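Remarks on the structure that follows.
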Amino acid sequence: MSLTRKHYPFPEFESRWQKYWLESNAFRAANPGDPDFRPEANKYFVLDMFPYPSGDGLHVGHVEGYTATDILARYHRLRGDNVLHPMGWDAFGLPAEQYAIKTGQHPRVTTQRNIDNFRTQLQSLGFSYDWSREISTTDPGYFRWTQWIFLQLYGAWFNPATCKAEPISTYEGNDPDSVRLAFVSDKLVNWCPELGTVLANEEVVEGKSEVGGFPVVRRPMRQWMLRITAYTERLIADLDGLDWPESIKLLQRNWIGRSEGAEVRFGLEGFDESITVFTTRPDTLFGATYLVLAPEHPLVETITAADQTEAVTSYKNSCSAKSDMERTDLAKEKTGVPLGVSAINPVNGEMIPVWIADYVLTGYGTGAIMAVPAHDERDHEFAVTFSLPIREVIRPDEPRNEKNQGCFSGEGTAINSPTIEGLRTPEAKHKMIAWLNEEGFGKGAITYKLRDWLFSRQRYWGEPFPIVWENGSHRPLAAEELPVEPPEMDDFKPTGTAEPPLSKASEWVSYSETARRELNTMPQWAGSCWYYLRFCDPKNNNRFIGEEVEQYWMGSNSRPGGVDLYVGGTEHAVLHLLYARFWHKVLFDLGHLTTPEPFQRLVNQGMILGDDGQKMSKSRGNVVNPDEVVAEYGADALRLYEMFMGPLEHGKPWSMTGVEGVYRFLARVWRMAMTENQEGNWVLSEDLTEQELTNAQRRVLHATIKKVTQDIELLSFNTAISQMMIFTNEFTNAKPRPLDALRLFLPLLSPFAPHLVEEIWSKLAVKHEGFKGLASQSAWPAWNEEFLVVNELTYAVQINGKVRGHLTVPTSADHESVEKAAFADASLAPFLEGKEVKKVIVVPARLVNIVVAV
RNA sequence: GGCGGUGUAGUCCAACGGCAGAGACAAGCGACUUAAAAUCGCUCCAGUGUGGGUUCGAGUCCCACCACCGCUACCA
């Protein structure tokens, strides 16, 4: 639609108010110790997932989440709370560096430009951030503390006795480097040749890099790791106390992937060594007909029979040459090679063959399994491929049918298993584990899918490690030496080898005559692991966060989480949220924080789709640019539309005509207060007067206050807006219009459409009482239940669940009189004639249901 | 394949287990206007993806299936 004339003059006032709010520090949050700090006020910390400032600029998806939190922030301010609502930039990372390499510009330059663009865009939407707290992860004053936190991890270990992190000084063993929470490992890592860097498991999607989609291969490299696996139990257990969507909790639990089972030791014929396998089904031990090792299993070298060496070596080579992607592609067909050696099943002394196969993963469990082809689908497939024996040891509860034919992996009753014959699966497991313990062949065990966090990258645009190497060993820099800034470099391209680009800055590399700096940098996740803490105290040069400030903003009477509300997309459900929880717990254990969890309440906004119902993408050409919507309809209309589209958590398609709808609503609100004079100027409406509201008006007004208040708390913005539309429909045509209605209504609308309300508020203030100061600093109104009461209620009268009539009774009528009135209703007589009444149900204020015999 | 979410008028979406409709979009009619736009008013439209079950009563709870979306993928 092209607008010859705007329905209300938003271009004239939106940017004016944005400027005014900014210059008057209208949304500044006071810290304890500040002169204007109000100790009696409740704190409310409402946080957005800060954006990666990409060159594409702000997306309508950002606007959705940011509007939701802005509504909450503004609402809580009107309720008198001390609201912390900050914004910053997650600005280190691969895309900036790749763009820099492509264009030949330094990433600092492009990053700064993108940040400036994002800030302008956010400010043009009227978000009430406290901009004095703006932070960027690339700022040395910020990453100094990211490095400091790394030193905390480096200087700590997880004490299994206390089940928490402690300073490494409390460790009494002789190899502290083997227990640090930040440690060096030479294990297999995900190496992406195209990006020239290693990646965390979480950054590898279907065998390809999450960024760019390039193939990833596994190779051994010396890397920094963080011991997140020490926290698996607490990361699972502490989810219980959080107000997070169950689906996100489940995602995290599944990602951590706790499995209870047993480790079982199989002896090897002709060797002193034995093979330990992990199984979740020790009750199927009698059904194990072969063992499988991961191709990379260290025992393979030792135990392979001479006549199999060639086949085994060639199989191993073919596996390591395959990228993860190829391994996944070939998943349909099982491959493997026998080692020519037999293992001894401890339960019955049976000799079973040992194989290697790439369907067994080296990083999970013990890297070895006992195969029970009758009761595991993968083992079954493998056994069929290689004609290995299949022996049933579980009888399903239901007879065999199409569904559980071939391979039954459920629970049932143990058969063909002398020591546990006839036992149900849970008891059978239990008894088998007890037996393994007694005989020394194994024990109960728990494993997790979660691996330690690969924490180093071969990139330029990231935080350098505060570590130097001397005589082949690492040592930390002193806290006073931070920040370690990356060197100025013109050529920061990947070297094409495993050598990081920082190796090219030879001066920077040499720390002293004998010491070299660590050349890797931290992954992008590092900066976002703790930014919510820095927002509390962004300029503190002595600590990553001041103690008193931390206790105030992150403290929470008896709840585990500090941040009151955290809103962002589901894409961070496992990675960012798990990493941040981990760091938080370490800092908590070390006494730096007061709560064990960072985020008390989490809400994931749904994805906004294009108007074709598809995901927005440049190639589909269905991307909506927020700047264009703001230009045409204004910031308030964009904000309101995104909140009106549907429930915050749901995905929903964009509709430009829908924007027009809310835009027209805002114009109606404008015209409640303003009218156009003959010269075509907007002036205050003469219809506004000081007068009592009618009962009906008062009822609508208070119903609106109630509904909007409750819906904001529930984040049900779409229904809150619909109630405000009802209010507007009621009052637009009222002549004269009572000013009291606007006094109470405008604050309700102000979190949603702050510019419009601020403008009307200031216009009204010129002539009328009760519109002092800024609308965004006024007070949230309260509703009065008394005004909601009506004199009469209409009941639906049902006979056997079918509506047969209606009944109007005084509100004060009790059950009995309602029931009586229903039977007195002549129009129901035909339905009741000669029938026996069996039951009468009266639902207060709703209906009467008369149940009669048929 | 596994897990999670969602299916309600032409469309987006509302409905503590209680009369399927709050709001909006689109469509149509009317008022205003020389006319149009804008504005205002009115009207139209579904029995809730399918099949069972629980209940006095089911869009809502339970079971099975179907469709779409998201996440995940040999984790023993």
Side-chain angles (χ1 to χ4, degrees), chain A residues 3-5 7 205-207 245-248 250-251 253-255 257 259 261 277-281 284 292 327-328 330-332 334 357-361 363-372 375-379 381-382 409 447-451 570-571 573-574 604 606-607 609 611 613-615 641 644-647 649-662 664-665 667-668 671 676 707 716 718-726 728-729 732-733 794-806 838-852:
Chain A
L3 296 167
T4 50
R5 189 168 51 106
H7 298 191
V205 180
E206 293 175 2
E246 273 312 311
S247 59
I248 300 296
L250 200 62
L251 275 177
R253 287 194 192 99
N254 289 346
W255 190 266
S259 290
V277 305
F278 173 76
T279 177
T280 54
R281 294 294 298 269
T284 62
V292 188
R327 270 169 84 150
T328 312
L330 296 172
K332 299 149 217 155
K334 291 273 184 289
D358 65 0
Y359 83 93
V360 174
L361 307 175
Y364 182 78
T366 60
I369 62 154
M370 64 178 210
V372 185
H375 304 293
D376 181 281
E377 283 176 30
R378 295 149 301 183
D379 298 344
E381 200 187 322
F382 191 83
S409 56
T447 61
Y448 305 89
K449 283 202 251 182
L450 185 71
R451 317 290 159 84
T570 340
E571 66 272 22
V574 279
N604 290 114
M607 194 183 301
L609 307 168
D611 55 10
Q614 301 290 108
K615 199 169 169 170
Y641 171 65
F644 189 57
M645 291 173 84
E649 301 89 334
H650 289 188
K652 51 236 158 201
W654 186 269
S655 154
M656 227 24 125
T657 53
V659 183
E660 283 180 44
V662 293
R664 286 205 284 265
F665 159 69
R668 276 207 296 284
R671 290 197 307 272
E676 212 168 7
K707 178 85 175 144
S716 296
N718 53 332
T719 50
I721 292 166
S722 120
Q723 179 64 40
M724 289 191 281
M725 288 172 169
I726 295 171
T728 309
N729 293 341
T732 321
N733 295 315
T794 301
Y795 281 73
V797 184
Q798 298 181 331
I799 311 288
N800 286 350
K802 287 204 171 67
V803 179
R804 298 299 189 188
H806 288 89
K838 301 183 84 170
K839 198 174 183 181
V840 179
I841 291 133
V842 177
V843 182
R846 298 250 174 218
L847 58 69
V848 182
N849 189 12
I850 301 170
V851 184
V852 298

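Computed from heavy atoms alone, side chains included, the values below leave out hydrogens, waters and symmetry copies. If you're wondering where the values come from, they're calculated on a predicted model, not measured in any experiment. Residue numbering restarts at 1 for every chain, and letters A, B, ... go by the order of the sequence lines.
Listed nucleotides: B/C12, B/U39, B/C19. Nearest to the side chain of A/Pro653: B/C12. Of the candidate nucleotides B/C74, B/A76, B/C40, B/A76 has the atom lying nearest to any side-chain atom of A/Asp376.
Pairs of Watson-Crick or G-U wobble type, with distances under 3.5 Å, assemble into runs of 3 or more in RNA chain B at these ranges: B:1-7 with B:66-72, B:10-12 with B:23-25, B:27-31 with B:39-43, B:49-53 with B:61-65.
Classification of the A/Phe278-A/Tyr364 ring pair by plane angle, with boundaries at 30° and 60°, yields perpendicular.
With the nearest nucleotide of RNA chain B identified for both A/Ile369 and A/Met725, A/Met725 has the one nearer the 5' end.
For B/A58 and B/U11, the P atoms lie 26 Å apart once the distance is rounded to whole Å. Rounded to a whole angstrom, the distance from the C1' atom of B/C16 to that of B/U60 is 11 Å.
Using a 4.0 Å heavy-atom cutoff across all strands shown, A/Ile841 reaches at least one base atom of the nucleic acid. When heavy atoms are screened at a 4.0 angstrom cut-off, A/Ser259 is found touching the sugar-phosphate backbone but no base atom. Contacts of A/Leu847 with the nucleic acid, taken as non-hydrogen atoms under 4.0 Å apart, include base atoms.
For B/A76, one of the phosphate oxygens OP1 or OP2 lies less than 4.0 angstrom from a side-chain nitrogen or oxygen of A/Tyr364. For B/C3, neither phosphate oxygen OP1 nor OP2 lies less than 4.0 angstrom from any side-chain nitrogen or oxygen of A/Arg253.
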Nucleotide N/O to protein N/O under 3.5 Å, stretch nucleotides 28-33 of chain B:
none

